[in-house]
Number of protein chains: 2
Amino acid sequence: MRIGELAARTGVSRDTLRFYERVGLVEGRRLANGYRDFDAETVEWLAYVRTARALGFSLAEIARHGEELRDAPDQADALSALFEEKIRIVDARMAELAALRGELAARAGTGCPLRAAGA
Amino acid sequence: MRIGELAARTGVSRDTLRFYERVGLVEGRRLANGYRDFDAETVEWLAYVRTARALGFSLAEIARHGEELRDAPDQADALSALFEEKIRIVDARMAELAALRGELAARAGTGCPLRAAGA
DNA sequence: CTTGACCTTGGAGCGTAGTCCACTGTTTAG
DNA sequence: CTAAACAGTGGACTACGCTCCAAGGTCAAG
């Protein structure tokens with residue numbers, strides 16, 4: 001599939017897709033005329049990329065994980081390990097949020113000042 | 001307190017504090033000699049800013065919330081409302097993370113490919 | 001054969017969040 | 001009095017993640 005179709009299917013702009021290629025986040029073969037040619041799995045990969053991005057993972061991290069996966073001797077094992085690592089990160093982030101939530105809930109209603117200086 | 005002491009107490013660099021002042025995130029009076037003079041509550045405010053930042057809130061958002069608070073007719077009410085809003089955002093973010101966690105957990109071990117193209 | 005949709009490249013520009021630097025002024029300690 | 005430690009300013013610079021633009025190549029339809 002060419003870049004326009006991939007863009008349409010994923011909601012990621014052509015410019016962004018070219019940018020993602022530059023930073024190693026997606027890969028495309030080239031057709032004889034020089035056009036990029038992506039395969040269908042890239043759609044799923046980009047859905048994953050978008051989710052990971054939304055949750056605060058950097059493009060570099062995501063790309064690195066993709067590469068680790070590629071280089072792994074056992075794909076299934078590597079995938080499981082990657083997911084388990086991400087789950088740990090997600091758990092840690094959820095714990096942080098829970099802590100902030102607790103802090104906010106404790107302060108709500110007390111009138112405890114967070115900010116002294118009026119703008 | 002002058003900028004150096006505030007930096008030492010909060011772990012936020014002087015340059016960053018000056019930058020925060022420029023974007024309206026902190027406020028300082030000035031001493032006769034032109035030096036910034038912060039009050040003690042700014043330490044707590046910055047701790048809060050750092051937590052909020054770590055959780056993905058932008059400086060603009062944080063500054064805006066600070067201003068809303070300042071402009072509110074009833075400080076305690078405004079504070080409660082702000083915290084409740086943040087708690088809702090935090091809950092939403094936790095739900096997103098829980099969804100990703102579920103997705104990851106479901107895929108871990110299945111060998112379902114996320115990425116087709118080898119780098 | 002032209003028009004238009006699609007593709008290519010390179011490079012500029014933007015918003016966010018700092019970080020660093022040079023140069024200058026102020027305060028404090030020996 | 002001088003040196004060090006602190007403060008001020010303005011401006012350049014960085015990294016990230018896009019986003020836009022100009023100039024041009026490719027291809028299918030009319």
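Predicted model, so just to flag it, every value in this text is computed and none were measured.
- Taking the salt bridge (charged side-chain N to carboxylate O under 4.0 Å, His left out) definition, one finds that Arg9(A) meets it with Glu5(A), sequence neighbours left out.
- The shortest distance between the side-chain N/O atoms of Arg36(B) and the OP1/OP2 oxygens of dC6(D) is not below 4.0 Å.
- For Thr16(B) and dT19(C), the shortest distance from a side-chain N or O to OP1 or OP2 is below 4.0 Å.
- When the side chain to side chain contact (heavy atoms under 4.5 Å, CB included) test is applied to Tyr20(A), the partners found at least two apart in sequence or on another chain are Val12(A), Thr16(A), Leu25(A), Val26(A), Leu46(A), Val49(A), Leu59(A).
- Not counting sequence neighbours, the partners of Arg64(B) by the side chain to side chain contact (heavy atoms under 4.5 Å, CB included) test are Glu61(B), Glu68(B).
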Produce the list of close N/O pairs, under 3.5 Å, pairing protein atoms with atoms of nucleotides 13-17 of chain D; give distances to one decimal.
| unit_1 | atom_1 | unit_2 | atom_2 | d |
| --- | --- | --- | --- | --- |
| dG17(D) | OP1 | Leu59(A) | N | 3.1 |

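- Between the CZ atom in Arg2(B) and the CZ atom in Arg14(B) there is a gap of 9.5 Å [rounded to 0.5 Å].
- For Arg22(B), the side chain to side chain contact (heavy atoms under 4.5 Å, CB included) partners at least two apart in sequence or on another chain are Phe19(B).
- Residue-to-nucleotide proximity on DNA chain C shows that, of Arg22(B) and Arg2(B), the 5′-proximal contact is made by Arg22(B).
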Contact list (N/O, under 3.5 angstrom) for nucleotides 23-26 of chain C vs protein:
| unit_1 | atom_1 | unit_2 | atom_2 | d |
| --- | --- | --- | --- | --- |
| dG25(C) | N2 | Tyr35(B) | OH | 2.8 |
| dT26(C) | O4' | Tyr35(B) | OH | 3.2 |

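- Of the two residues contacting DNA chain D, namely Glu5(B) and Asp15(B), the nearest-nucleotide position lying further toward the 5' end is that of Glu5(B).
- Asp37(A) contributes no side-chain N or O that, together with a main-chain N or O of Arg30(A), makes up a donor-acceptor pair within less than 3.5 Å.
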